[in-house]
Protein chains: 2
Amino acid sequence: MVTIAAKREFKCPVTGMLQLIGGKWKPVILYCLRSEKRRFGEIAARIPDLSRKVLTQQLKELEEDGLVTRKQYNEIPPRVEYELTDLGKSLAPVLNEMEKWGLENIINKQ
Amino acid sequence: MVTIAAKREFKCPVTGMLQLIGGKWKPVILYCLRSEKRRFGEIAARIPDLSRKVLTQQLKELEEDGLVTRKQYNEIPPRVEYELTDLGKSLAPVLNEMEKWGLENIINKQ
DNA sequence: TTTACATGTTACCTAAAGGTAACTAGTTAC
DNA sequence: GTAACTAGTTACCTTTAGGTAACATGTAAA
C-alpha cells in the first residue's frame, strides 16, 4: 500500500482515497476505532483473522497517512493506544455507509 | 478476490462487504458505471491505469457477485455493455461518500 | 530461575494481484 | 491482401500482500 507520503496526482477522487484506505484490512481497523481509542491487543482481539504483524504494518501506514495517532505509555508491560485523528474521524460517513450496506446486503442474507 | 459464490459467514459487515468491492479497482469501476451503462472500451478509457486483462477479470467477478450485468451484442466489431444491477445501484451511498471524501481531502489538497 | 505480561520486530515463505506482450475473431475500408 | 475495428484470451513474469514462527523487552509473581 502506498502511503500519502508517496503522494501523486489523482484525477479520480475514488482512486485517490483507495490509496489511503484500500487493502484488505484498513477499513476494518478504522471501523474498529470509530467510536473509541483502543489498545493494540484490543484491536487484535476484535479482528481475529488479522495477524499481529500485518496489524502493526497497517497501523503504521495509517499513522503515516495521518488517519490515526499512536500513543505509547512507557509502562511494564507496555501499553499502546490508537485513536482516530480528525482526518480519520472524517471517514465516518464512508464507514457508516459501508456498515449499513454490509448489514443489509450481507449479514441479513446469511 | 473471493466472489460471493465462495461465500462464508461474516460477523463484521465491513469485512463482508470488502469481499465484494475490495481490491484496487472495483470501487473505481462501480463508480464509473454509477450513472450510466458503458461499453468495455469506454470503461478502459476512463481508467487508463487499469490494464484490459484486469478489467475483464474484475468485471467478471462483479458480474458473478450480482453487481453488474453484461450485455453482449453480436455485431461486428463486437459491442459489450456493462450496467449496474439493483444491488450494484444500492452501493451508490457508499460510492458517493467515498467520492465526497476524496474530493475534500485529496483532490482539493493537491 | 522460569513464566507471564503486551507490543512489537525479524527472517523467511506462499499466495494473490496485477502487469506486458502477443494472439484471436469477422467484417469493412484502403 | 493488408490494416483497423472491439473485446477479449493466453502465457508468462513481477510485485505486493499477507502468513507463520521465533525472538526481544523489563518487571513481577510463582
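Keep in mind that the numbers below use all heavy atoms, side chains included, and drop hydrogens, waters and symmetry copies. Every chain is numbered from 1 and lettered A, B, ... according to where its sequence line falls, protein lines coming before strand lines.
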A:Asp49 has an atom CG; how far is it from atom P of D:dG19, in whole Å? 8 Å
Treating primed atoms plus P, OP1 and OP2 as sugar-phosphate and everything else as base, which nucleotides of nucleotides 4-11 of chain D get B, S or - for protein heavy atoms under 4.0 Å? --BBSSBB
For B:Arg39, check salt bridge (Lys or Arg N to Asp or Glu O under 4.0 Å) against everything at least two apart and list the hits. none
Check salt bridge (Lys or Arg N to Asp or Glu O under 4.0 Å) between B:Glu63 and all other residues, then give those that pass, not counting sequence neighbours. none
Can you tell me how far C1' of C:dG18 sits from CD1 of B:Ile29, to the nearest Å? 12 Å
Atom CG of B:Leu18 and atom P of C:dA17: how far apart are they, to the nearest Å? 13 Å
For atom CH2 of B:Trp25 and atom C1' of C:dG19, their distance in whole Å: 11 Å
Tell me whether A:Arg79 forms a cation-pi arrangement with A:Tyr73, defined as NZ or CZ under 6.0 Å from the six-membered ring centre and within 45 degrees of its axis. yes
Measure the angle between the two terminal helix axes of the helix from C:dT1-D:dA30 to C:dC30-D:dG1, five base pairs each, and quote it to 10°. 30°
Looking at residues at least two apart in the chain, or sitting in another chain, which of them share a salt bridge (Lys or Arg N to Asp or Glu O under 4.0 Å) with A:Lys53? none
Side-chain contact test, heavy atoms from C-beta onward, threshold under 4.5 Å: evaluate it for A:Gln72 versus A:Pro78 and give yes or no. no
Is A:Lys26 paired with A:Glu61 through a side-chain N to carboxylate O contact shorter than 4.0 Å? yes
So do the side chains of A:Asp49 and B:Thr15 get within less than 4.5 Å of each other, counting heavy atoms only? no
Under 3.5 Å donor-acceptor pairs involving side-chain atoms of residues 86-98 of chain A, not counting sequence neighbours:
unit_1  : atom_1 : unit_2   : atom_2 : d
A:Ser90 : OG     : A:Leu87  : O      : 2.5
A:Ser90 : OG     : B:Trp101 : NE1    : 2.8
A:Asn96 : ND2    : A:Ala92  : O      : 3.3

Taking OP1 and OP2 of D:dG18, is either one under 4.0 Å from a side-chain nitrogen or oxygen of A:Ser51? no
Rounded distance in Å - CG (B:Leu55) to C1' (C:dT20): 16 Å
Taken to the nearest whole Å, CG/A:Asn74 to C1'/D:dT27 is 14 Å
May I ask you to test the B:Ile47-B:Ile29 pair for a side-chain heavy-atom distance under 4.5 Å? yes
Starting from P on C:dG8, measure out to CD on A:Glu75 and report it in whole angstrom. 13 Å
From NZ of B:Lys24 over to P of C:dA16, roughly how many Å is that when rounded to an integer? 18 Å
